[in-house]
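Report on the structure given below.
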Amino acid sequence: MGSDTISDIITSIRNADIDRKGTVRIASTNIVENIVKILLREGFIENVRKHRESNKYFLVSTLRHRRNRKEPYRKNILNLKRVSRPGLRIYSNYQKIPRILGGTGIVILSTSRGIMTDREARLEAIGGEMLCYIW
């Protein structure tokens, strides 16, 4: 685990999806918990539970089960892309937040009112730092 927790969870989920693993174990922080709640609410993951191990908390996420998935790993269904990173922060106002695949995907933003999706940010007319794209 590096210093960029958002990249760590994106990489963990992407690698588990490529390897067709059922669960992912992620170190728990407030930002990670909010992002995982959004993924759960949007249907990208099935279940989340908090696990304590030697005074450290972990989130154990169950990825959405896909039956009869026989395509090669390049054609995985879950795509995650980190946008803003510690060396280059990318901000957007609510009018210029991109629509991923015509609204099929989501953009996760860190705003002054917390971490939210692009749809919620447009409804509340606030912008923020674009953390990642998910489609």
Side-chain angles (χ1 to χ4, degrees):
M1 300 289 274
S3 62
D4 188 12
T5 57
I6 298 170
S7 290
D8 290 340
I9 65 167
I10 288 172
T11 303
S12 298
I13 293 172
R14 185 185 310 119
N15 289 343
D17 188 53
I18 288 171
D19 289 342
R20 296 182 179 134
K21 303 243 181 195
T23 60
V24 179
R25 188 177 138 190
I26 305 165
S28 179
T29 62
N30 288 335
I31 293 173
V32 170
E33 286 182 15
N34 290 330
I35 291 174
V36 168
K37 285 179 187 176
I38 288 174
L39 293 175
L40 182 65
R41 189 175 62 225
E42 295 290 327
F44 290 105
I45 58 177
E46 267 185 25
N47 191 10
V48 176
R49 61 184 167 90
K50 202 167 192 177
H51 178 68
R52 183 177 178 191
E53 186 176 301
S54 68
N55 294 332
K56 292 185 180 178
Y57 288 96
F58 294 96
L59 294 175
V60 179
S61 303
T62 306
L63 296 178
R64 194 174 62 187
H65 183 66
R66 296 181 203 102
R67 294 184 184 164
N68 300 328
R69 198 173 114 188
K70 297 178 183 175
E71 307 98 32
Y73 72 93
R74 290 184 193 97
K75 294 188 178 189
N76 58 351
I77 298 172
L78 184 61
N79 293 303
L80 299 105
K81 182 181 179 189
R82 178 80 157 115
V83 179
S84 183
R85 52 191 170 89
L88 178 64
R89 303 287 185 186
I90 298 177
Y91 298 93
S92 177
N93 62 10
Y94 75 97
Q95 297 163 339
K96 295 185 180 180
I97 298 172
R99 294 186 190 272
I100 307 301
L101 292 178
T104 305
I106 62 170
V107 178
I108 296 180
L109 295 138
S110 176
T111 67
S112 59
R113 296 186 192 156
I115 295 178
M116 60 180 63
T117 64
D118 56 339
R119 283 178 240 130
E120 295 167 347
R122 282 190 200 98
L123 286 175
E124 295 188 21
I126 56 173
E129 181 184 356
M130 292 191 294
L131 299 177
C132 60
Y133 298 153
I134 301 170
W135 70 95

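Since the structure is predicted, the reported quantities are computational estimates derived from the model, not experimental observations. Both backbone and side-chain heavy atoms feed into the values below; hydrogens, waters and symmetry mates do not.
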Any chance you could measure [X], atom [atom1], to [Y], atom [atom2], to the nearest 0.5 Å?
X: Arg82; Y: Leu131; atom1: CZ; atom2: CG; value: 6.0 Å
X: Ile108; Y: Leu39; atom1: CD1; atom2: CG; value: 5.0 Å
X: Ile6; Y: Arg85; atom1: CD1; atom2: CZ; value: 13.5 Å
X: Asn34; Y: Ser110; atom1: CG; atom2: OG; value: 9.0 Å
X: Glu129; Y: Ile115; atom1: CD; atom2: CD1; value: 9.5 Å
X: Leu40; Y: Glu33; atom1: CG; atom2: CD; value: 12.5 Å

State, with a plain yes or no, whether a side-chain heavy atom of [X] is found less than 4.5 Å away from one of [Y].
X: Ile106; Y: Asp118; result: yes
X: Trp135; Y: Thr104; result: no
X: Lys21; Y: Leu63; result: no
X: Leu78; Y: Ile134; result: yes

Inset, instruction - Go through Asp4 and Asp8 one step at a time and tell me if the side chain to side chain contact (heavy atoms under 4.5 Å, CB included) criterion holds. - result: CA-CA 6 Å; Asp4 188 12; Asp8 290 340; 5.6 Å; no
With hydrophobic residues grouped by side-chain heavy-atom distances under 4.5 Å, do [X] and [Y] end up in a single group?
X: Ile90; Y: Val107; result: yes
X: Ile45; Y: Tyr57; result: no
X: Leu59; Y: Ile31; result: yes

Please name the pair of heavy atoms, one in [X] and one in [Y], separated by the smallest distance, quoted to 0.1 Å.
X: Cys132; Y: Ile10; answer: CB-CD1, 3.5 Å
X: Thr111; Y: Gly127; answer: CG2-O, 3.5 Å
X: Pro98; Y: Met130; answer: CD-SD, 3.5 Å
X: Gly105; Y: Arg119; answer: O-NH2, 4.0 Å

Inset, instruction - Could you tell me whether a side-chain N or O of Arg52 sits under 3.5 Å from a main-chain N or O of Phe58, the two making a donor and an acceptor? - result: no
Inset, instruction - Please identify each residue that fulfils side chain to side chain contact (heavy atoms under 4.5 Å, CB included) with Arg41, with sequence neighbours left out. - result: Ile38, Thr117, Glu120
Inset, instruction - Go through the steps for Arg99 and Arg122 under the test side chain to side chain contact (heavy atoms under 4.5 Å, CB included), then give the verdict. - result: CA-CA 11 Å; Arg99 294 186 190 272; Arg122 282 190 200 98; 3.5 Å; yes
Inset, instruction - Walk me through it: do Ile126 and Met116 pass the test side chain to side chain contact (heavy atoms under 4.5 Å, CB included)? - result: CA-CA 10 Å; Ile126 56 173; Met116 60 180 63; 4.0 Å; yes
Inset, instruction - Might you work through the side chain to side chain contact (heavy atoms under 4.5 Å, CB included) test for Ile13 and Ser61, ending with a clear yes or no? - result: CA-CA 9 Å; Ile13 293 172; Ser61 303; 6.0 Å; no
